[in-house]
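Inspection log for the structure reproduced underneath, given as structure tokens.
We name chains A, B, ... by the order of the sequence lines, and we start the count at 1 in each one.
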There are 2 protein chains.
Amino acid sequence: MAGQSDILRRLGRAVTRGREEILRILAESPLPLTPRGIRDKFTDPKPDAATVYRNLALLSSLGLVRSVALHERSRRYEATEVGAHRHRVVCRSCGRIEAFPARECDLSRIENDIRSRLGFRVTDHSLEFFGKCPGCLGKGNRP
Amino acid sequence: MAGQSDILRRLGRAVTRGREEILRILAESPLPLTPRGIRDKFTDPKPDAATVYRNLALLSSLGLVRSVALHERSRRYEATEVGAHRHRVVCRSCGRIEAFPARECDLSRIENDIRSRLGFRVTDHSLEFFGKCPGCLGKGNRP
DNA sequence: GCGCAACTTGCAAGTCTTTTGCAAATGCAA
DNA sequence: TTGCATTTGCAAAAGACTTGCAAGTTGCGC
């Protein structure tokens, strides 16, 4: 998809291998990735970690990628897909993350409520579920 | 509230000043605090940062406190109040965090869906809204 | 294609949060 | 009060990110 490179170009930002790869890697990943995980998916020569961080910050400020907070040590990023709206299920035992496309997450009423009661303009939200995955439920550790 | 100290005692964990203070500080805070922020609220002598981290890990594993991921550099913690269920609104411009007691966040249908479709047993969820607070909306920076 | 200016990258060093080892201090049950 | 497991403080380390700077690329006009 050249659309995102166009966005970069139009904003006067260079289209580099690093940036295109990050967008591709995130677009192909079913789950959000850490900066480290992203770098690992590069074929050699891998970019410096600092470059990955800088590019994620840039792409994030342009709205092309988005960071996801999953109570982990490191942050994760995912590609911003127009229209698509995913949430995640995280296993507290093994850390497994699974995407969960909420068929209808109607939070618009709550968002309206927030606007009228607090004067906040909500631009996005994050919704994650935590619990135990089937595998860990079977093992019966810490039920 | 002595109930929480009882829980510690019953589990064979010592009831120390550090632990009681953390529970009290979090219970009194309207917003989730970082480990650093918690330590700052101690009256001298303040515990070592390592102790705060260790105790937060302990209290968290016992379910007495819970960590909240707000896309910040540091994690935040809040006291677990039975029944109470809060969400937060975070300003992307100034970082201001506001508690938002959702009158009805009916995610139970989604949680049921997750259980039946993925086999995941959901124990809790995190829901945060991001946007701009009234103050920053007024300033008109990055509308 | 060429060259310049602006933007990017790699590298190294630095910051900040969180974790860990260990000996001294403390909590608690008997 | 004693004994012993649990906790704490301290110091060092690990890990995630950030920043300064010189060298390397990209984009644009020619």
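Rounded to whole angstrom, the span from the CG atom of Leu62(B) across to the C1' atom of dT6(D) amounts to 14 Å. In this structure, Asn55(A) places its CG atom 15 Å from C1' of dC17(D), rounding to the nearest Å. Going from atom CG of Leu56(A) over to atom C1' of dC17(D) covers 11 Å, rounded to whole Å. Spacing between atom CD1 of Ile22(A) and atom C1' of dT9(C) amounts to 12 Å, rounded to whole angstrom units. In this structure, CD of Glu20(A) is placed 11 Å from P of dT9(C), rounded to the nearest angstrom. As a whole-Å value, the separation of Arg19(A) CZ from dC7(C) P is 11 Å. Taking atom CZ of residue Arg39(A) and atom P of nucleotide dG15(D), one finds them 15 Å apart after rounding to whole Å. Atoms CD (Glu72(B)) and P (dC16(C)) sit 16 Å apart, rounded to a whole Å.
Looking at His125(B) and Glu128(A), their side chains never bring a donor and an acceptor atom within 3.5 Å of each other.
Remark on the helix from dG1(C)-dC30(D) to dA30(C)-dT1(D): inter-end axis angle 40°, axes from five-pair C1' superpositions, rounded to 10°.
Taken to the nearest 0.5 Å, the CG atom of Asn112(A) stands 7.0 Å off from the CZ atom of Arg115(A). We find the OG-CG distance between Ser61(B) and Leu56(B) to be 11.0 Å, quoted to the nearest 0.5 Å. Distance check, rounded to the nearest 0.5 Å: CD1 of Ile25(B) to OH of Tyr77(B) gives 14.5 Å. Taken from SG in Cys91(A) to CZ in Phe120(B), the straight-line distance is 5.0 Å, to the nearest 0.5 Å. With values rounded to the nearest 0.5 angstrom, Phe129(A) atom CZ is found 4.5 Å from Ile110(B) atom CD1.
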Original post:
Between Ile38(A) and Glu21(A), is a side-chain contact (heavy atoms from CB on, under 4.5 Å) present by the stated rule, with each step listed?
Top reply: CA-CA 9 Å; Ile38(A) 292 170; Glu21(A) 280 294 282; over 6 Å; no

**OP:** Start with the C-alpha distance between Arg24(A) and Glu20(A), add both sets of side-chain angles, then the distance that settles salt bridge (charged side-chain N to carboxylate O under 4.0 Å, His left out), and finish with yes or no.
**Re:** CA-CA 6 Å; Arg24(A) 185 187 62 69; Glu20(A) 293 196 302; over 6 Å; no

**OP:** Quick one, give me the B/S/- string for nucleotides 17-30 of chain C, reading 5' to 3', where B means a protein heavy atom under 4.0 Å from the base and S means that only happens at the primed atoms, P, OP1 or OP2.
**Re:** SBBBB-----SS--

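Every residue two or more places apart in sequence or in another chain that forms a salt bridge (charged side-chain N to carboxylate O under 4.0 Å, His left out) with Arg76(A) is listed here: Glu72(A).
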